[in-house]
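To keep things clear, I will list the structure first and then write my remarks on it.
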Amino acid sequence: MLNDLNPPQRKAVTTLSGPLLVLAGAGTGKTRVVTYRIARLIRNGVRPGAILAVTFTNKAATEMQQRTAALIGRRKRGEKERPEISTFHSLCVRILRRRITALGYPAKFAIYDRGDQESLARSALREIKVSGAMLKPRDLLFFIGNWKNKGVRPQQAAELAISDKEHLAASGYRRYQKALQTAGAVDFDDLLLCTEELFENHTEIRREEAARFSHVLVDEYQDTNGSQYRIIRALALGHRNLCVVGDDDQSIYGWRGAEVAHILRFKRDWPEATVVRLEDNYRSTGPILDVANRLIVFNKERHPKVLRAARVGGESPHVLQFADEEGEARFIAEEIHKLTHSGSVQPRDIAILFRTNEQPRAFEQELRRRNVPYVLVGGMSFFDRKEVRDIFSYLKLVVHSTDEVALLRIINVPQRGIGQATVKRLMEQAVAEGQPLWEIIRHVNASTNLPPAATRGLCSLRETLAGIRGLLDKRSVEHIVREVIDQFDYRQEVERQYPNANDQELRWNAVEEVVNAAAQHAARHAEAPLAKFLDDIATNDRDDDKENQLKQNAVALMTLHSAKGLEFPHVYLVGMEEGLLPHRRSLAEDEHQVDEERRLCYVGLTRAKDVLTLSLAQNRRKWGKTHTSIPSRFLFELLGKADNPNAARTMAHQVAASKSPKPHPPGERTGRSTSSSHRRRQGKS
DNA sequence: GCACTGACCGTTTTT
DNA sequence: CGGTCAGTGC
């Protein structure tokens, strides 16, 4: 096994005890090192169950599970244990399910996803009578997120607040947290925070949880935030067998609280740590690595390293400039069409990477027009669809009767005569009595002072839910999901809301997908209860995610963030413009933010194995208005022309034009249509 | 309580 | 441009 490895990789695999920092550049066989290391630990007699590997995405976890399973072979008879390989969030869910009562939470807590958080934020703002002009739900969540990242509690937030906005946000935070508590729920950040708190305040629990493992590995270490770091430290402090793997040049989650500082100062926190550098890149050809290396040296704070190409030859990256985003999409879609049609390249070998989620639209349209199969990874998830959220709200309510967000969402869906006035009254009563909303509804009867229709509606809701609760633990999750859809007559609700047959079908398909998701989940986790299904959905542990999407033979469309950890023979990195990459929001702030954008660009470049194409548009439409754009500074940097601002004109190796010449704004003259490409394109579309 | 209408506003990136 | 939300009439 070790023969497949070069000396530094071998060192990373065989240094089994003590802290170890593996600084692994892109494409240097990082995954292989981690999996081999796990296999070697087991071979050396470490109990599989005593190994914990933490990843950032479920996709990475699944992949690592599969690879290690393949490596350690079919386990010996009777040996059921496997290394624990999971994301931070699922790890925390598992710990909290067992331990959260120590923090005064109910044992059965709900997990609120982004959508739930938004509803909570909205009602918190309504309660304190803050209009959207002053503070929007998103803004509030942004503040709350920042505070939680730093471990700031609502109380302290109020003290720390300086600006008016911060004061408002602080009191919103208090309401928000209170609402979470009465709903018996935690949000994403709480999963980490509660675990941290648990370890901090309950030494015996920390010791017991830590004792479950003798070796801890963390992948993508550059993306850990403060909480995650402290959780890991709490788990590894006893045995100090902590191996972290990461690349500071690929740290792209600073906005979410990740601190590159963790990887930069690992040696300080773990002084006896061994450091291994992996700089031999097996993924990309030399010319691709040249541009990547040239770009990344513009960042100041980093562990200096240069990727060396293990592969020889390769073509230079292409740079394409277009008149507008439609031209960009049309040309690239056409090129992909030709590539895949000739049979030399499979659709799955190609990726189109972009900075923002508004960019793929044009590409989708053009790919569809040419019948090129594609998958849009991420973006508006199927789980964010209205119907799907409704179904999940019923399900959540079946499991957690205190879940207020879910209750409010479906209290009158389908319509059962409960209007705003009734809801308001119930809420007031709940607040007055200090009870969860559900408790009030539980006691509603004919003598309650409510409109008769509302009383009838509430009773029917109560009965339906009770009926379904009776099925818990008796029937499969799939059966329960079907039952929910049936009992609530959701089919008719869809038909009522969408008179158009086409819409109806589309919406109903989404509903059926929930049943499929339940069936798939059951296939992976036999006999898992409904609560586990809901947890997994909330923590993004979904079957139909990235992994499965990418298995299809289709061109992948995704953001640069989603692309981390993946590789493709052909990569199109589109929208190489100032304002987009680097994004305008990062330009307003300090230089650190531009550095992160540069790392993002670096991640994009290093996804490419064989052919890398960069593209940009001279004009881009946003909200119906056309806007002239300037080539990204990163283009100049990576082409080695950073000191030559006139390079804009000579930069394009190949210039393609959109269908008809458009007048260019004065001063933005760029050489175009020097090639025959635009004539070639005239006949199309 | 419910359906329809126009004003408004926004878009980084996501576990 | 397109989705969301508040206000109006039934």
Side-chain angles (χ1 to χ4, degrees), chain A residues 54-61 86-93 111-115 117-118 122 126 131-133 136-139 141-142 145 148-149 187-192 220 223-225 227-228 251-258 353-361 377-381 383-384 386 411-424 450-454 457 496-497 499 536-542 545-546 558-564 575 579-589 593 596-597 599-601 603-604 620-626:
Chain A
V54 187
T55 62
F56 254 78
T57 61
N58 284 292
K59 188 202 154 289
S86 69
T87 61
F88 270 105
H89 290 263
S90 352
L91 173 70
C92 291
V93 171
I111 301 169
Y112 275 9
D113 66 13
R114 179 73 197 187
Q117 287 179 265
E118 268 178 37
R122 188 162 297 124
R126 239 197 312 266
S131 80
K136 285 173 232 38
R138 274 161 186 276
D139 301 333
L141 287 178
F142 174 78
K148 287 195 172 184
N149 270 331
D187 65 15
F188 271 152
D189 296 324
D190 285 345
L191 287 174
L192 301 174
E220 306 282 14
D223 289 326
T224 45
N225 68 22
S227 290
Q228 288 161 335
S251 166
I252 54 175
Y253 285 103
W255 52 273
R256 209 174 61 187
L353 308 182
F354 39 83
R355 176 71 232 273
T356 69
N357 277 318
E358 71 188 329
Q359 285 169 269
R361 281 177 190 246
V377 179
M380 160 97 158
S381 159
F383 292 90
D384 295 333
K386 182 175 164 297
I411 195 164
N412 200 31
V413 178
Q415 293 174 350
R416 46 177 80 87
I418 305 163
Q420 281 171 17
T422 306
V423 172
K424 197 171 168 220
L450 287 173
R496 187 189 66 83
Q497 278 192 47
D536 286 351
I537 294 296
T539 53
N540 262 307
D541 189 1
R542 304 163 181 169
D545 246 31
K546 265 183 225 179
M558 65 183 111
T559 64
L560 289 164
H561 285 87
S562 299
K564 197 177 60 162
L580 217 45
L581 185 66
H583 195 271
R584 54 179 61 77
R585 293 284 282 255
S586 69
L587 294 173
E589 315 282 326
Q593 301 222 19
E596 182 154 316
E597 298 286 309
R599 290 193 290 267
L600 204 44
C601 182
V603 166
R620 203 166 275 277
R621 250 208 325 261
K622 189 162 186 172
W623 303 328
K625 265 171 78 179
T626 316

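Below, read A as the first sequence line, B as the second, and so on, with proteins coming before strands; counting in each chain starts at 1.
- Rounded to whole Å, the distance from CG on A:L600 to P on B:dT13 is 11 Å.
- A sub-4.0 Å separation between OP1 or OP2 of C:dC5 and a side-chain N or O of A:R122 is present.
- Side chain of A:N58 to backbone of A:T539: a donor-acceptor contact under 3.5 angstrom is found.
- Side-chain N/O atoms of A:Q228 include none lying less than 4.0 angstrom from OP1 or OP2 on B:dT15.
- Judged purely by atom type and a 3.5 angstrom limit, A:Q117 has no side-chain atom pairing as donor or acceptor with the backbone of A:D187.
- For A:T87, taking side-chain heavy atoms from C-beta onward, the closest of the listed nucleotides B:dT11, B:dT15, B:dT13 is B:dT15.
- The distance from atom CZ of A:R361 to atom C1' of B:dT11 is 11 Å, rounded to the nearest whole Å.
- Protein atom CZ of A:R138 is 11 Å distant from nucleotide atom C1' of B:dC9, rounded to whole Å.
- A heavy-atom distance below 4.5 Å is not found between the side chains of A:S86 and A:T55.
- Side chain of A:P451, nearest nucleotide from B:dG1, B:dT11, B:dT14: B:dG1.
- Note on ring orientation: taking the six-membered ring where Trp is involved, the planes of A:Y253 and A:F56 are parallel (angle under 30°, cut-offs 30° and 60°).
- To the nearest angstrom, P of B:dT14 lies 14 Å from CD of A:E118.
- Contact annotation: A:K136 reaches the phosphate of B:dG10 (side-chain N/O to OP1 or OP2, under 4.0 Å).
- Taking every side-chain heavy atom of A:Q415 into account, B:dA3 is the closest of B:dT13, B:dA3, B:dT11.
- Checking C:dC5, B:dT11, B:dT14 against the side-chain heavy atoms of A:R585 singles out B:dT11 as nearest.
- Where stacking is scored as ring centres under 5.5 Å apart with planes under 30°, A:F56 does not register as stacked on the base of B:dT15.
- Taking side-chain N and O atoms only, A:N58 has no distance below 4.0 Å to OP1 or OP2 of B:dT15.
- Taking atom CG of A:L580 as the reference point, atom C1' of B:dT13 lies 12 Å away to the nearest angstrom.
- Here A:A421 lies in heavy-atom contact (under 4.0 Å) with sugar-phosphate atoms only.
- Here A:T539 lies out of heavy-atom contact (under 4.0 Å) with every strand.
- Among the heavy atoms of the strands, none lies under 4.0 Å from A:E596.
- When distances run from any side-chain atom of A:T57 to the nucleotides B:dT11, B:dT15, B:dC2, the shortest one goes to B:dT15.
- Put simply, A:N412 has a side-chain N or O that comes within less than 4.0 Å of OP1 or OP2 on B:dC2.
- How far NZ of A:K148 is from CG of A:L192: 10.5 Å, rounded to the nearest 0.5 Å.
- Neither OP1 nor OP2 of B:dT13 sits under 4.0 Å from any side-chain N or O of A:S562.
- Atom OG1 of residue A:T87 and atom CD of residue A:Q228 lie 9.5 Å apart, to the nearest 0.5 angstrom.
- Set against B:dT14, B:dT13, B:dA3, the side chain of A:T356 has B:dT13 as its closest nucleotide.
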